[in-house]
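Notes to accompany the following structure.
Ligands are counted one by one from 1 in listed order, and the atoms in each one are counted from 1 as well. Side-chain atoms are counted along with the backbone in the values below, which use heavy atoms only and exclude waters and symmetry mates.
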Amino acid sequence: MTLHADYQTDNIFAKMLRGDVPCVKVFEDDVALAFMDIFPQTEGHTLVIPKGVEARNFLDMPTDKLGAYMERVQKVARAVEKALKPDGLRVIQFNGASAGQTVYHLHFHIMPIREGDSARPHASGAPADMGQLNALADQIAAHL
Ligand code: AMP
């Protein structure tokens, strides 16, 4: 997928926003939805997506909606940090397939990092245990 293409309404995150596909929800308001990554690269890997926009990536995001969305990204990142107390935290965002993007609705990854642990490969492997993901989502949500 190139950087410049039309937004596809059948992407998996758009389906989540419509309620057509389930997600392990952490946070939702009128601006953003946050949920657990189903192929977590580290324990607590969380995604935050904007609502009400057809933005494939960061470049597409309407500038007047960016500030409110980034506030939610920070809000969720702070809750992840408080809940899981990692040694570090990656906040990452990919634009275009060659940069590593696999889902074409804007999202930020929030990835807790523990010293000595290495992150698993991106968007691959077996999906995480749903019970564990739900427990992590509850832990993070308790700090929102
Ligand atoms: P990116 O490659 O930056 O577009 O990130 C997409 C992310 O979405 C990857 O980390 C995937 O593991 C994650 N992902 C794909 N499908 C789902 C899903 N159904 N629920 C939660 N996360 C997903």
Side-chain angles (χ1 to χ4, degrees), residues 1-63 65-84 86-114 117-144:
M1 281 276 200
T2 72
L3 272 179
H4 306 289
D6 291 336
Y7 181 88
Q8 302 294 319
T9 55
D10 62 351
N11 74 75
I12 186 98
F13 295 168
K15 289 180 182 171
M16 281 179 193
L17 288 170
R18 289 195 296 270
D20 296 343
V21 163
C23 67
V24 180
K25 194 184 291 186
V26 172
F27 167 83
E28 183 169 21
D29 67 3
D30 56 335
V31 172
L33 169 70
F35 53 89
M36 304 310 298
D37 195 302
I38 205 168
F39 302 106
Q41 292 186 247
T42 66
E43 186 178 72
H45 184 170
T46 306
L47 302 172
V48 187
I49 67 176
K51 292 172 68 171
V53 292
E54 293 195 340
R56 299 170 76 249
N57 57 43
F58 192 65
L59 305 176
D60 287 351
M61 183 68 175
T63 308
K65 299 204 167 178
L66 187 59
Y69 168 56
M70 291 310 296
E71 281 177 23
R72 274 59 174 189
V73 174
Q74 187 190 52
K75 180 183 175 81
V76 175
R78 284 177 166 164
V80 169
E81 194 279 326
K82 282 194 187 120
L84 305 180
D87 300 305
L89 202 67
R90 288 188 189 142
V91 179
I92 311 174
Q93 189 274 321
F94 303 121
N95 300 280
S98 27
Q101 187 174 11
T102 58
V103 178
Y104 295 91
H105 179 104
L106 174 62
H107 51 283
F108 275 76
H109 298 257
I110 296 168
M111 218 180 284
I113 304 292
R114 297 194 182 281
D117 282 359
S118 48
R120 288 180 284 276
H122 179 66
S124 62
D129 176 82
M130 283 299 142
Q132 281 178 5
L133 284 190
N134 277 303
L136 285 161
D138 288 348
Q139 270 180 270
I140 298 165
H143 290 273
L144 283 162

Reported CG-to-CD1 distance for the pair Leu84 and Ile140, which is rounded to 0.5 angstrom: 5.0 Å

Nearest heavy atom to atom 12 (O) of ligand 1, choosing from Asp37, Val24, Thr102, Asn57, belongs to Asp37

If only atom types and distance count, is the side chain of Lys51 paired as donor or acceptor with the main-chain N or O of Asp29 below 3.5 Å?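 Pair found, side chain donor or acceptor close to backbone of Asp29.
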
Counting N and O atoms only, with roles assigned by atom type, does the side chain of Arg90 sit under 3.5 Å from a partner on the main chain of His109, one being a donor and the other an acceptor?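 Looks like no, no N/O pair under 3.5 Å.
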
Is there at least one pair of N or O atoms, one from [X] and one from ligand 1, spaced under 3.5 Å apart?
{"X": "Ile38", "value": "yes"}
{"X": "Met16", "value": "no"}
{"X": "Phe94", "value": "no"}
{"X": "His45", "value": "no"}
{"X": "His109", "value": "yes"}

Does any part of the side chain of Val73, heavy atoms only, come nearer than 4.5 Å to the side chain of Tyr69, both counted from C-beta? yes

Sub-6.0 Å ring centroid separation between His45 and Phe39: no

What atoms of ligand 1 come closer than 4.0 angstrom to any heavy atom of Met36?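 By the 4.0 Å cutoff, the relevant atoms are 21 (C).
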
For ligand 1, does [X] get within less than 4.0 Å through its side chain, its backbone, both, or neither, judged by non-hydrogen atoms?
{"X": "Leu47", "answer": "side chain"}
{"X": "Phe13", "answer": "side chain"}
{"X": "Tyr104", "answer": "neither"}

Gly100 heavy atom under 4.0 Å from ligand 1: yes

